[in-house]
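So you know, we letter chains A, B, ... as the sequences are listed, proteins then strands, and number each from 1. We use all heavy atoms of the structure for the numbers below, so side chains are in, but hydrogens, waters and symmetry mates are not.
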Amino acid sequence: MSSQATSTGGAAPEAAPVALAVTGISKSFAGVHAIRNLSFVARKGEATALIGPNGAGKTTVFNLVSGVYGVDAGAVTVNGVDVTHMPSRRRIGCGIARSFQNVRLMDHLSVLENLLVGQHIRAASLTDLLTPYRLFPNHRWRQEARQALADNGLERYANETVSGLPYGVRKRVDLVRATLAGASILLLDEPAAGLNPSETNDLRDHLNLLVAQGLTLVIVEHDMHFIDSICSNVVVLNFGEKIAEGPLSVVRQDPEVRRAYIGDGEN
Amino acid sequence: MSGYLTGVLVVLAFNVIAAYAVYLPMAAGQLNLGIAGFMAIGAYGAAFLTNEYGWSMLAAVPVASAAAGLVGLVIGFPVLRTHGIYLALATFALGQVIAAVFLNLEVVGGAAGYTLSAYAGPYVVFAAAIGVVLVMLYLSRTRFALYLTAVKSDPTVADLMGISVRGVQVAAFALGAMVAGFGGAFYALHYNFVEAQHFNVLLSVFTVLYVLFGGAQTVWGPLAGAMFFTLAPEALRFGEQWRYAIFALFIILFMAIRPQGLITTSLFQGFRRRSNEASP
Amino acid sequence: ADDLVLGFLTARSGPYVSLSNTNEAAVRMAVDEVNKAGGVNGKQIRIVTFDTAGDPKQAATGVRQFANDNGALAVIGPFSSSEVRTAFPVGERSGIAVMSNSSSAPGLTKGFSYAFRNTVDEGKAIDAVMASLRDKKLPMATGAVAYATDDTVSKSVGAKVAPELFKTYGVELKGSVDFQFAAFDLSPQVSRLKGMAPDVIGIGAPPEGAINLSREMKRQGLKARVIGGTTIADPELPKRMEGAGEGLTIGTTFFHDVNDRTRAFTKEFGERTRAAGLNRHEPNQMDASAYDIVLIYAEAMKRANVSGDKAGLEKERTAIRDQVTALKKFPALEGEISFVNGDSVKPIYVLEVKGDAWSLFDTRKPE
Amino acid sequence: MLTQQIINGLMLGAIYMLVAVAFTLAIGVLNFLNFSLPGLFMVGGMATYGFIRIGWPWFFAIGGALFLAALVSLLVERLAYRRGEGAEADVPLVSSLGFLVLLENLMLVQYGSDQQAFPALLPDMNLRVGGLVIGIAQIISLAISVILVAWLSWFLKRTNAGRRIRTVAENRETAQLLGVNIRRLVPQLFVASALLAAVGGVLFAVNYQQVSPWMGEGPGFKGVAAMIIGGMGSIWGSVIGGLLIGFAEVLSITFIGADVVNITVYGLLLLILIVRPQGLLGKPPAREKL
Amino acid sequence: MALLEVSDLSVQYGRVTALEKVSLTVRDGEIVTVLGANGAGKSTLLKAILGAVPARGGGVTFDGADITARPTHERIARGLSLAPEGRRILISLSIEENLLLGAHMRRDAAAVHREMDAIYARFPNLAERRHMLASCLSGGEQQMLAIGRAMMAKPRLLLLDEPSLGLSPLFVQKLFELIRELNAGGLAILLVEQNTGKALGVAHHATVLELGRVVMAGEPAALAADPRLREAYLGDGG
Ligand SMILES: Nc1ncnc2c1ncn2[C@@H]1O[C@H](COP(=O)(O)OP(=O)(O)OP(=O)(O)O)[C@@H](O)[C@H]1O
Ligand SMILES: Nc1ncnc2c1ncn2[C@@H]1O[C@H](COP(=O)(O)OP(=O)(O)OP(=O)(O)O)[C@@H](O)[C@H]1O
Ligand SMILES: CC(C)C[C@H](N)C(=O)O
Ligand SMILES: [Mg+2]
Ligand SMILES: [Mg+2]
């Protein structure tokens, strides 16, 4: 496969260590092959994009990596730990957190409380569980969540219930929640969808900051400009198979990618 | 205190305990319509231990409520495979089965019921209810309560956040069962008599009603609901044979006007906002 | 405290209303009679009522209220066995006599000194029926039992009382069927009874159970004499069965057509219930019993020289209890009443369904 | 005797079945645990009795009772269901239970707590075939149930109206956005399920010749059990569930005793829910994809 | 001729004012686009036009008739149809049933089926899975279903709330082709989009909302040239 060549060819001698490795995974739903023998890696401190046409299987990859479904075959390794057979709820403990394509916030909770839930993995001891944190207005968990909101310009929503928020705000809260797990790898499913161009720019800056801080990002996104400005490596899926991999500038020239995904409107 | 007031407050105390037994699982999204079954376990447990083994109340009550909690734990695992209305009906069936088992248990009197000699006076009952309220208030300030709501809101996402959804659900169910058992134990000890027929569906359903009526959004709702449901029929004694009809009509009209229940989060939010403004 | 206060626990709402809400008419009738005749020790009797709605918790509250707040000397009621179970302990602790007019489960007064029931054990009622059948040489070679399993009284009748009596009277027990208290469909039970083809069927059930059983027996074409005790002694039962229960025989403690006194009572009762707009105008055993409880208390208060003074309340309550305990052959409406171990001993009237009415089949006085 | 018992079970099941279908409409379709249905079942029987007692011919009495039940159900829709929109999902059940208590107590005040004898509409409502007794009312109710059920399942699957109903069941707000007139459709559903429940009550009264303020509770709760066993939303499931409950009840009375009826019937319900949470014929609920 | 006339429309959620005196006109055969940041009130505007949220003030006229007080279903019967924000697919119905639901008010069964086939031809992802439950569709496929369902109503004015959300670049291209095509066939469209450039590219008229108020309106070309708009919505101001 040509993509294989590009990826190895593109790797610098001091290639960063692998944070997430997906090896030969497959998944089918009721006879439909959603993912076929897919392998790729995401390197530490880099942003990797996962792109492909609608229904190519990108979200399914996230679901398999985070353990929503089990794989039919293959293996998933997170920070050196084989998580293939680990229950979904424990994978976050290996340092992997995600956001959701169809934003999934907890409607019965306020924005702040949603973020507190996001911290769970770092506050999982019995003491944390039974500390009456709500009695202390400045409890550190709350401080931290407020700070995260402030950093994203969302502080005025802290005590709102999430159901009435505009889509874009919900989207950003979802993202902040994912970052609060303290994970080293973030899986972001279409983070820019529904944001207008200027908001997308803010998001791009924010994500670049995270990458600079050493976080590993895997991003599913249809906005090529956005990907271009963040991701060093791009994996292209079609019908559940990898059809190309490499830097966006290279991948987007691939005729198959153009035919199946980009079309000829974009450059 | 007048005898009447004492009697009414005792009933209130039991209703409050029962309401919290329903509230705990409800906070995690479970509609438990079998709470009476767990009360029965606590009641019969306390009765049996004090009667047959001469245990003191101090020993019998914790053991009896733990027994109810344990049954909740063991049954919770399979039963919590179901969700929503299915869960409501599974617990409904569970309550029926537990009551039917006691109805046929001749060691505790079967259909004839079972009398106790140990006695817990009104003040002991009040203390028990206040204890339950305090524990619930405390719990409501912790992460545990947060996770209950998280699991209710979106179990799939809660799981991906690392929360043991099953663990939280079973814990809420079993703790609710334990609180029910606790109330049941005191019920038996106070009235000196238990019969399986008392722990019927309607008891379960009415207890659920207290909580929904009071408002399930906050920890104060069950308290308010139990108070209303205990005191309103008393206030309606003038209605003679119309007493319960008026009562029912009132419930209907109230819920039509205020479907979210007596006590809601926004009620507190208004309050919180004001206090926030005061302290910048 | 010029009046002598009696507390009266009744059910104006809840599952027993139809049986219980007429009791008040009987109680008031008795009080009016006593007061009109000069009262007790020169004082008038005054009734305080409390609606329990058939709920044991409220019954306990009621007794508490009577004892602590109303300065009552004794308590009439509560109605059902379940309420009695919670009311008796409160009465005992408060030192006030509580006398139920309806509860008939076995052994409820055991262990209490302030607890009384002006009712007879179902065993005695059915014994009376069996004895009458034997005396009149009616067929009773084989028998079967049908009973409600989830009700104290019914179950004790079905599981213990009737089988033991069958043995005593040499009736061969072919088997037993049971049903739920609220059962509406007794077809499987009757299908089984049909297979047993008994001469008599002992029934432990509420009146509804007896009606449904008789109906279903008629539907499936099973002929046997159904016999029962006070649980199904409803004055309107024959009418409610609409021709299904011909020959059904029960033992009970009241019949309206025994003597002038019962006839006068029945007439007056009818007037009072009509005036009160109630549904039933024929007194049942529970009405008669409630009436007699007032008379019994009046007698006990008289004998104890009760004054109704608040200061001596505790003593007077205990004195009333002692007088009731000692009461022997008191000439009441229902017949001569004595108390043994808290329960009353009184005549039993054996009644049979003929057409759409009860007819007096036999009267059996206690030995 | 066993044949008779099987007939008994079938006939009892037929009553549960009708109630189960009523519940399926309310719960499976509207997602509303409507506790007023046992009350409407009772209204069907009690009001027919009441009207007959004041001298109405029986068919007017039945019509009047059905009308009354439909009317009450519209009130339930207005005061319980519609008002509960947007609040906690369980809220409408509170006021629906309020309706049950209200209806029972109104009947209690009017007719007392006693079971009342319902007059026989025919001299003998039974077929007698070679020693076996079969209730005509039960056959009618069996036939009504099966026909209704077949029609309903066709209707829900194949027609626009059926799709509208299923949309409302899944999401009222979306239904509204798509132009479903829920202000008309939902009341119609309430009337339909009330009529089913009330017809069940009438058939019950005719068949067992008895009515009481509490008559709805037993068949009501067992009807729910039947619906769940069969699989919520599955109309044929209600039929199977109803029959299964009927048989479980009759057979345990026959072979073990009535004390275990609640254990077997509700134990069966519990067991099925644990082993197959969606019920025998039900489909597991579709879950939103991440 | 004005097909849709929104005048001084105000909407409030509790204490939050979502729309304040918003006016807007869509003429027959015209594409109008509404732009604005998150929370500007775009979705609220579409829902208010449909009557799914109550108006506090102002009015809506459709095809010459004042529909301000009319219920949603009646407005849809008159020829409005919405592909809503968040897709609102019915996951317990099959894909085909979802499409048929879009046409639930129509009586012309044959035409409905022809239309459905046309939609399948346009969205092959849907055609392949037509009898599966809609819950199994990917995000973008759900978006296609929502658009297809709105088209099934055969409206006179199609309301699209961020239709390109989650679609691949190729499909975004196809979507805008579709919008042009439908419009060429005479259909009026009210389009809410974050893809400002593309939206301005197809529209005949544009309106910009900010905090529930109209802050700009006019020819797309003029708006596209406006520096304020470029900064805020085309992301190339800084
Ligand atoms: N739970 C499931 N059951 C059945 N089919 C599924 C399931 N999950 C995914 N699929 C199928 O697998 C395919 C891939 O879906 P996936 O959601 O991964 O696509 P995607 O690449 O994220 O697309 P998009 O860009 O539209 O979000 C789709 O065709 C979808 O129908
Ligand atoms: N159901 C609701 N309850 C309370 N407030 C709401 C509700 N829906 C919307 N709002 C508020 O109304 C305002 C406008 O929201 P709307 O969804 O219309 O914005 P939008 O322009 O569509 O945003 P986006 O681009 O994010 O979709 C926002 O401030 C939002 O918080
Ligand atoms: C009428 C009744 C149900 C009262 C019954 N005799 C009892 O002891 O409870
Ligand atoms: Mg996706
Ligand atoms: Mg929007």
Side-chain angles (χ1 to χ4, degrees), chain A residues 29-32 34 51-60 63 100-103 154 157 160 163-172 189-190 192-205 220-227 238 252 257-267, chain E residues 13-14 16 18 35-44 85-87 89 123-126 128-129 132-133 136-144 161-162 164-174 176-177 192-199 201 208 229-238:
Chain A
F29 297 104
V32 180
I51 63 173
N54 294 123
K58 306 176 293 297
T59 301
T60 304
N63 284 339
F100 303 93
Q101 178 171 9
N102 302 321
V103 186
L154 295 169
Y157 297 109
E160 303 278 321
S163 48
L165 298 179
Y167 181 79
V169 173
R170 293 167 59 88
K171 194 98 209 177
R172 271 143 69 203
D189 202 346
E190 305 200 11
L195 302 192
N196 69 33
S198 79
E199 291 161 335
T200 307
N201 284 348
D202 294 343
L203 176 69
R204 180 194 59 207
D205 296 345
V220 168
E221 185 53 65
H222 291 302
D223 181 339
M224 289 304 110
H225 296 293
F226 184 76
I227 291 207
N238 194 17
R252 76 186 338 165
V257 173
R258 293 194 77 80
R259 189 189 50 73
Y261 181 58
I262 301 179
D264 37 39
E266 306 261 337
N267 48 331
Chain E
Y13 295 108
V16 182
L35 307 173
N38 286 140
K42 306 178 296 294
S43 302
T44 303
E85 175 171 48
R87 293 139 190 180
I89 294 305
F123 302 118
N125 295 38
L126 300 184
E128 288 162 24
R129 295 181 169 68
M132 285 164 66
L133 286 187
C136 71
L137 291 181
S138 82
E141 289 163 348
Q142 290 188 8
Q143 186 67 51
M144 299 172 199
D161 198 345
E162 305 196 20
S164 72
L165 191 104
L167 293 183
S168 72
L170 181 65
F171 254 104
V172 173
Q173 234 172 45
K174 289 193 188 170
F176 279 92
E177 279 162 25
V192 166
E193 253 306 329
Q194 295 292 6
N195 200 328
T196 320
K198 281 228 156 65
V208 181
L229 185 96
R230 292 194 69 82
E231 183 182 341
Y233 305 116
L234 292 175
D236 59 3

Engineer: A/A34 versus chain E, heavy atoms under 4.5 Å apart: side chain, backbone, both or neither?
Structural biologist: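 A/A34 has no heavy atom closer than 4.5 Å to chain E.
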Engineer: For a quick test of reading the model, state the closest non-hydrogen atom pair linking A/E199 to E/A37 and the distance between them.
Structural biologist: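 Result for this residue pair: OE2-CB, 4.1 Å.
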Engineer: So which heavy atom on A/N102 is nearest to which on E/Q142, and how close?
Structural biologist: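 Taking every non-hydrogen atom into account, ND2-OE1, 4.2 Å.
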Engineer: Give the member of A/V220, A/L195, A/D202, A/T200 that has the highest number of heavy-atom pairs under 4.5 Å with chain E.
Structural biologist: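 Looking at each option in turn, the highest pair count goes to A/L195.
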Engineer: Quick check on A/F29 against chain E: is it the side chain, the backbone, both or neither that has a heavy atom closer than 4.5 Å?
Structural biologist: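 For A/F29, neither part sits under 4.5 Å from chain E.
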Engineer: Need one label for A/V32: side chain, backbone, both or neither, based on atoms under 4.5 Å from any heavy atom in chain E.
Structural biologist: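 It is the side chain, since no backbone atom gets that close.
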Engineer: Applying the side-chain contact (heavy atoms from CB on, under 4.5 Å) criterion to A/Y167, which one of E/K42, E/E85, E/Q194 satisfies it?
Structural biologist: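 It is E/E85, the one option of E/K42, E/E85, E/Q194 that forms the side-chain contact (heavy atoms from CB on, under 4.5 Å) with A/Y167.
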Engineer: For E/N125 and A/N54, which heavy atoms make the closest approach, and how far apart are they?
Structural biologist: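 Smallest heavy-atom distance, with atoms named: ND2-O, 3.1 Å.
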Engineer: How close do E/N38 and A/R172 get, heavy atom to heavy atom, and via which atoms?
Structural biologist: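 Result for this residue pair: OD1-NH1, 4.1 Å.
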Engineer: Look up atom CG in E/N195 and atom NE2 in A/H222, then write down how far apart they are to the nearest 0.5 Å.
Structural biologist: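 E/N195 atom CG to A/H222 atom NE2 measures 12.5 Å (nearest 0.5 Å).
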Engineer: I need the minimum non-hydrogen distance between A/G55 and E/S138, along with the two atoms involved.
Structural biologist: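 So the two residues come closest at N-OG, 3.3 Å.
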Engineer: Can you tell me which portion of A/L165 sits under 4.5 Å from chain E's heavy atoms? Options are side chain, backbone, both or neither.
Structural biologist: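 The answer is neither part of A/L165.
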